[in-house]
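Data block below; observations after.
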There are 2 protein chains.
Amino acid sequence: MPRAGLTEDTVVARAAELLEGSPTAELTLAAVAESLGVKTPSLYKHVDGLPGLRRGMMIRAKRSLGAALARATMGRSRDDAVQSLAAAYRQWALENPAQYGLTVSAPDPSDDADRAASEAALEVLLAVLAGYDLRGDHAIDAARFLRSALHGFVSLETSGAFRLSADLERSYTKLIESAVVSLSKWSQS
Amino acid sequence: MPRAGLTEDTVVARAAELLEGSPTAELTLAAVAESLGVKTPSLYKHVDGLPGLRRGMMIRAKRSLGAALARATMGRSRDDAVQSLAAAYRQWALENPAQYGLTVSAPDPSDDADRAASEAALEVLLAVLAGYDLRGDHAIDAARFLRSALHGFVSLETSGAFRLSADLERSYTKLIESAVVSLSKWSQS
DNA sequence: CCATCGGGCTATTGACGTTAGCTTTACGGC
DNA sequence: GCCGTAAAGCTAACGTCAATAGCCCGATGG
């Protein structure tokens with residue numbers, strides 16, 4: 001009998017696929033194992049139980065989102081950068097709706113990998129805001145403002161809370177437009 | 001042996017308490033039953049299993065939030081109403097952080113009680129926005145905008161995502177201030 | 001005082017997470 | 001090529017929990 005040849009990455013990746021496949025159903029170790037052609041206890045060789053699997057998926061998702069944001073803002077600044085960041089943020093969430101929720105969870109301060117992934121994503125946002133020359137508390141307020149706007153819209157959209165048929169693209173564009181105006185108004189330069 | 005004298009309301013209410021008591025731990029029928037001094041199967045006389053319990057908590061939470069918002073906006077209009085609504089929204093979420101997540105879930109169209117509770121809360125927001133005389137798509141965009149801002153901030157705050165020590169009150173106030181400015185700019189009157 | 005309704009119980013089943021301990025595969029050193 | 005070892009995957013077993021079936025008895029109305 002040949003071996004399955006699993007690694008932590010393959011297990012976590014498959015779990016993420018299953019989660020996207022049926023976002024309503026609860027993710028179970030049994031389902032992941034079966035999908036990999038393996039018995040449940042074997043997963044414990046690669047992942048520290050269900051909590052470990054969830055943690056793996058969370059970090060994976062945060063890294064992926066952070067990378068997408070970084071890609072979107074390279075070579076751009078100010079309003080241009082904010083709009084590109086906002087578009088990438090929403091696009092990633094729509095492509096990975098089930099994983100999006102994982103990216104929001106506050107990082108465990110004692111978990112280095114988690115902290116690093118979370119901070120990397122946050123850095124992108126702060127780098128973009130740096131273009132507006134905001135100092136001290138103003139910078140913090142602006143970061144919270146932008147995060148709230150992005151997360152709020154995307155979270156409501158992916159959870160199906162926007163039920164009217166009106167164009168979501170336009171609503172989002174207007175939201176970002178307004179945010180940009182506010183940022184510019186707060187800007188020192 | 002005297003009876004416990006349970007009703008659906010007492011069961012759901014106790015479940016909500018337990019959820020607030022330890023938001024991390026998963027809510028279990030066994031825990032609810034034990035907390036009520038009753039065996040697990042007895043709960044099925046009042047609640048349709050775990051899904052039914054969750055549904056009950058969700059509707060309860062939506063109603064409570066909707067009522068708080070309605071109270072906050074009575075006798076107010078425009079910026080005054082928006083600010084009062086925003087404060088009430090955040091306050092409710094901070095007082096019921098674990099239940100807050102339940103209020104966001106999109107209503108099941110086939111569940112009348114759920115739909116009614118969700119729409120009642122939405123009505124409050126629409127009533128407030130009516131003061132700005134927004135027509136058609138503009139009204140929808142504005143509703144989405146305001147909801148996104150409120151939910152985004154509150155959701156990030158209750159999940160512990162804002163880790164810097166800077167004053168959250170001030171950040172929220174500025175967020176709402178900016179939102180109000182945008183609404184006024186879109187207003188026809 | 002009795003009949004009925006229903007609230008709470010016991011017993012049981014099945015799914016799942018988790019641990020312990022075994023088997024066997026793959027691989028490095030000789 | 002051969003062997004020793006680390007680890008991958010397995011079986012067996014246990015505990016927890018959701019859920020269903022069926023019973024008992026407490027409460028209430030006539």
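All values below were derived from every heavy atom in this structure, side-chain atoms included, with hydrogens, water molecules and symmetry-related copies excluded. Naming: A, B, ... by sequence-line order, numbering from 1 per chain.
On a pure distance criterion of 3.5 Å, a polar donor-acceptor pair joins the side chain of B:K45 and the base of C:dG8.
Sparse packing is recorded around CG of A:D48, with 12 or fewer heavy atoms of other residues, nucleotides or ligands lying under 6.0 Å away.
For the residue pair B:D141/A:S171, the side-chain donor-acceptor check at 3.5 Å is satisfied.
What you find for B:A166 and A:R144 is that their closest heavy atoms are O-NH1, 3.0 Å.
As rounded to whole Å, 14 Å separates atom C1' of C:dT19 from atom CG of A:L43. A straight line from OH of A:Y44 to P of C:dG21 spans 17 Å, rounded to a whole angstrom. Atom pair B:E8:CD and C:dG6:P shows a separation of 16 Å (rounding to whole Å applied). Following rounding to the nearest Å, A:K39 (NZ) and C:dC16 (C1') show an atom-to-atom distance of 14 Å. As rounded to whole Å, 16 Å separates atom P of C:dG8 from atom CD of B:E34. We find that CG of B:L50 is positioned 15 Å from C1' of D:dT20, with the value rounded to whole Å. Straight-line distance from the CG atom of A:L29 to the P atom of C:dT19: 11 Å, rounded to whole Å. Between B:R54 atom CZ and D:dA19 atom C1' the separation is 14 Å, expressed in whole Å.
The shortest distance between side-chain heavy atoms of A:V104 and A:S155 does not fall below 4.5 Å.
For C:dA15, the OP1/OP2 oxygens have no side-chain nitrogen or oxygen of A:T28 closer than 4.0 Å. The side chain of B:H46 places an N or O atom within less than 4.0 Å of a non-bridging phosphate oxygen (OP1 or OP2) of C:dG8. Under 4.0 angstrom from either OP1 or OP2 of C:dG7 there lies no side-chain N or O belonging to B:S42.
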